[in-house]
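Okay, structure first, notes after.
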Amino acid sequence: MQVNSRSAVQMFYRSVYNNTHGLLKKRMRELVPVKQALLRDVRKRYGAKEVCKVTVDQAIGGMRNVFGLFYDASLLDAKTGITMRDYNIPELQEYLQKAENGHEPLPEALFWLLCTGDFPSEQEFADVQQEWKQRGQLDSETQKFILSLPKTAHPMTMLSQTLLFLQKDSQFQQAYDQGKVSKPQYWEYFYEDAMDLLAKIPRVAALIYRHKYKNGEIISADENLDWAGNYAHMLGYNKFEVRECLRGYLSIHADHEGGNVSAHTTHLVGSALADPYLSYSAGVNGLAGPLHGLANQEVLKWLLEMREELGENISNEKIQDYVLTTIREGKVIPGYGHAVLRYTDPRFIHQKDFAARHIKDDPLVDLVRQCYHVIPPVLKTIGKIQNPWPNVDAHSGVLLYHYGMREFQYYTVVFAVSRALGCMANLIWSRAFGLPIERPGSITMRWIEEKFGENQNIK
């Protein structure tokens with residue numbers, strides 16, 4: 001559909017939206033009973049089948065390769081990378097709606113896909129986009145709360161606190177407290193909260209940025225822009241390339257199956273019927289941990305240190321020596337390797353291709369390209385490294401840095417805005433499926449000894 005037609009659709013929905021419930025919720029109401037029946041059938045046929053065996057090493061070692069979580073929106077394969085509703089990153093880029101003259105997928109369209117399993121029509125895409133604009137307004141009380149937060153606080157702390165502040169508006173919590181909601185209706189109230197949270201989180205995140213780093217000089221939303229483009233605008237970045245960068249960034253980081261810390265935490269807390277605000281605040285706290293959300297900052301720091309030590313025009317041989325020195329010091333090479341992937345992360349390729357289209361003559365971006373060719377062969381010579389290839393973090397921070405965002409701590413907030421898409425879609429479907437509270441068992445050293453050893457006494 002031509003852009004003019006899309007604009008006409010958007011204008012139409014502005015005029016009729018208040019008389020509808022939104023096309024996405026209508027589609028969900030059609031899908032929920034169908035998917036519920038499918039899940040019942042799956043459990044009936046396969047419920048007693050064994051998914052995997054668990055070793056003591058796995059129980060102690062972070063439950064790697066333990067498949068004990070049902071999370072239907074995305075799947076991570078060691079060879080092909082992430083798929084969202086069975087579509088890989090290049091397919092998402094090809095088939096999802098884009099901005100005028102743009103190349104990057106738009107998150108509104110991706111959220112429809114995550115919720116329904118289908119690519120949205122132009123009408124459906126425009127409806128979600130307009131619904132988020134309607135829901136996204138921040139009242140003066142919320143703005144005042146954000147602007148009252150101490151500027152010394154970490155921006156992820158600010159984001160988590162603001163999500164908790166917004167919890168006062170949770171429709172699920174209010175209905176549950178009043179005894180007005182039955183279990184089959186849980187998903188509908190979670191849906192309302194999730195849509196409100198998604199509509200507001202770019203505005204919340206932008207306000208935090210302007211408050212902490214730009215002397216509280218607030219930039220009003222531009223309602224003519226899409227969700228990600230408006231986020232870039234409210235941050236203060238108005239070049240088309242930057243908007244495109246954020247459109248792609250927010251789409252490819254949106255989900256990464258259910259086992260990562262932020263997704264799993266959100267799912268776990270939500271399983272206790274904590275509403276989406278409480279659940280995602282917990283997920284954001286997990287994302288703030290250095291081992292989860294700090295990776296692209298660590299890459300950027302490592303590359304800048306390399307340039308400072310080795311200067312400009314670094315040879316391949318010098319990079320090889322620098323990598324080996326880093327490893328000899330007992331450190332890892334940031335941005336290389338992954339807990340699941342065994343090949344180059346398709347999200348890295350997506351960003352590399354973006355940089356090739358838009359960025360010329362940037363020494364740091366050029367260094368990322370050079371490292372992509374130099375580092376994997378070096379890591380392959382080290383036997384214990386299972387995956388020598390770059391992951392998404394090897395490039396994402398460098399893109400933000402190139403476009404002028406030098407506030408490294410804020411990079412994780414951008415990640416959090418993106419990851420909300422996948423976490424909210426999963427929360428809605430977890431309640432639609434009626435999934436129970438998550439309660440895995442745990443073991444002790446004594447239990448291990450008594451089961452497998454010679455009954456040694458361990459105090």
Side-chain angles (χ1 to χ4, degrees), residues 61-62 64 78-81 89 245 249 252-253 256 260 289-412 414-415:
R64 298 293 174 89
K79 294 182 180 180
T80 59
I89 295 296
C245 179
Y249 185 107
I252 67 174
H253 286 80
H256 216 228
N260 64 79
L291 295 183
H292 186 22
L294 200 67
N296 65 358
Q297 300 169 50
E298 295 290 348
V299 171
L300 185 55
K301 178 183 176 183
W302 186 75
L303 291 172
L304 291 171
E305 289 174 348
M306 182 195 299
R307 285 187 60 209
E308 183 177 353
E309 182 173 330
L310 302 180
E312 303 287 343
N313 301 315
I314 306 171
S315 68
N316 291 347
E317 290 74 18
K318 286 186 176 181
I319 293 176
Q320 292 170 356
D321 291 340
Y322 195 82
V323 168
L324 291 172
T325 298
T326 300
I327 293 171
R328 281 195 295 268
E329 292 174 349
K331 304 174 183 177
V332 299
I333 306 302
Y336 283 77
H338 191 274
V340 178
L341 289 170
R342 293 298 173 262
Y343 293 86
T344 299
D345 190 337
R347 299 172 301 170
F348 173 88
I349 298 298
H350 180 97
Q351 294 178 115
K352 183 173 74 71
D353 292 345
F354 174 90
R357 287 193 303 272
H358 294 286
I359 301 174
K360 309 297 181 185
D361 302 321
D362 182 312
L364 204 59
V365 173
D366 292 340
L367 183 58
V368 171
R369 295 190 187 108
Q370 189 178 2
C371 286
Y372 174 56
H373 296 288
V374 175
I375 292 177
V378 177
L379 297 182
K380 283 182 179 179
T381 65
I382 301 171
K384 65 180 180 180
I385 296 179
Q386 294 180 310
N387 175 17
W389 303 104
N391 59 54
V392 68
D393 299 306
H395 216 313
S396 59
V398 173
L399 289 179
L400 297 176
Y401 187 86
H402 168 81
Y403 287 117
M405 185 179 287
R406 304 299 167 88
E407 300 87 3
F408 294 172
Q409 286 188 338
Y410 189 79
Y411 289 9
T412 319
V414 182
F415 193 165

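All values below were derived from every heavy atom in this structure, side-chain atoms included, with hydrogens, water molecules and symmetry-related copies excluded.
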What pair of heavy atoms forms the shortest contact from [X] to [Y], and how long is it?
| X | Y | value |
| --- | --- | --- |
| V392 | D345 | N-OD2, 3.1 Å |
| G335 | A394 | O-CB, 3.4 Å |
| Y411 | M405 | OH-O, 2.5 Å |
| P334 | W302 | CG-CB, 3.5 Å |
| G293 | T412 | O-OG1, 3.2 Å |
| I327 | L379 | CD1-CD2, 3.6 Å |

Does [X] reach the side chain of [Y], with side-chain heavy atoms less than 4.5 Å apart?
| X | Y | result |
| --- | --- | --- |
| L303 | C371 | yes |
| S396 | Q351 | yes |
| H395 | N296 | no |
| T344 | Y372 | yes |
| L399 | I359 | yes |
| Y322 | V378 | no |

If you count the non-hydrogen atoms of other residues, nucleotides and ligands that lie under 6.0 Å from NZ in K360, is the total more than 12?
yes

R357, CZ atom: more than 12 neighbouring heavy atoms under 6.0 Å:
yes

Over 60° means perpendicular and under 30° means parallel, so tell me whether [X] and [Y] are parallel, tilted or perpendicular.
| X | Y | answer |
| --- | --- | --- |
| H338 | H256 | perpendicular |
| F408 | Y401 | tilted |
| H253 | F415 | perpendicular |

With V374 via side-chain contact (heavy atoms from CB on, under 4.5 Å) - residues at least two apart
N316, I319, Q320, Q370

I'd like a table of donor-acceptor pairs (distance under 3.5 Å, sequence neighbours excluded) in which one partner is a side-chain atom from residues 306-314, with atom names and distances.
unit_1 : atom_1 : unit_2 : atom_2 : d
R307   : NH2    : E312   : OE1    : 3.4
R307   : NH2    : E312   : OE2    : 2.5

Quick one: [atom1] on [X] to [atom2] on [Y], what's the gap to the nearest 0.5 Å?
| X | Y | atom1 | atom2 | result |
| --- | --- | --- | --- | --- |
| Y249 | R347 | OH | CZ | 9.5 Å |
| L300 | D393 | CG | CG | 11.5 Å |
| L324 | I382 | CG | CD1 | 6.0 Å |
| I375 | K380 | CD1 | NZ | 13.5 Å |
| H402 | L364 | NE2 | CG | 10.5 Å |
| L294 | Q409 | CG | CD | 9.0 Å |

Tell me whether R369 is salt-bridged to D366, with the criterion being a basic N under 4.0 Å from an acidic carboxylate O.
yes

Steps toward side-chain contact (heavy atoms from CB on, under 4.5 Å) verdict (R328, T325)
CA-CA 5 Å; R328 281 195 295 268; T325 298; 3.3 Å; yes

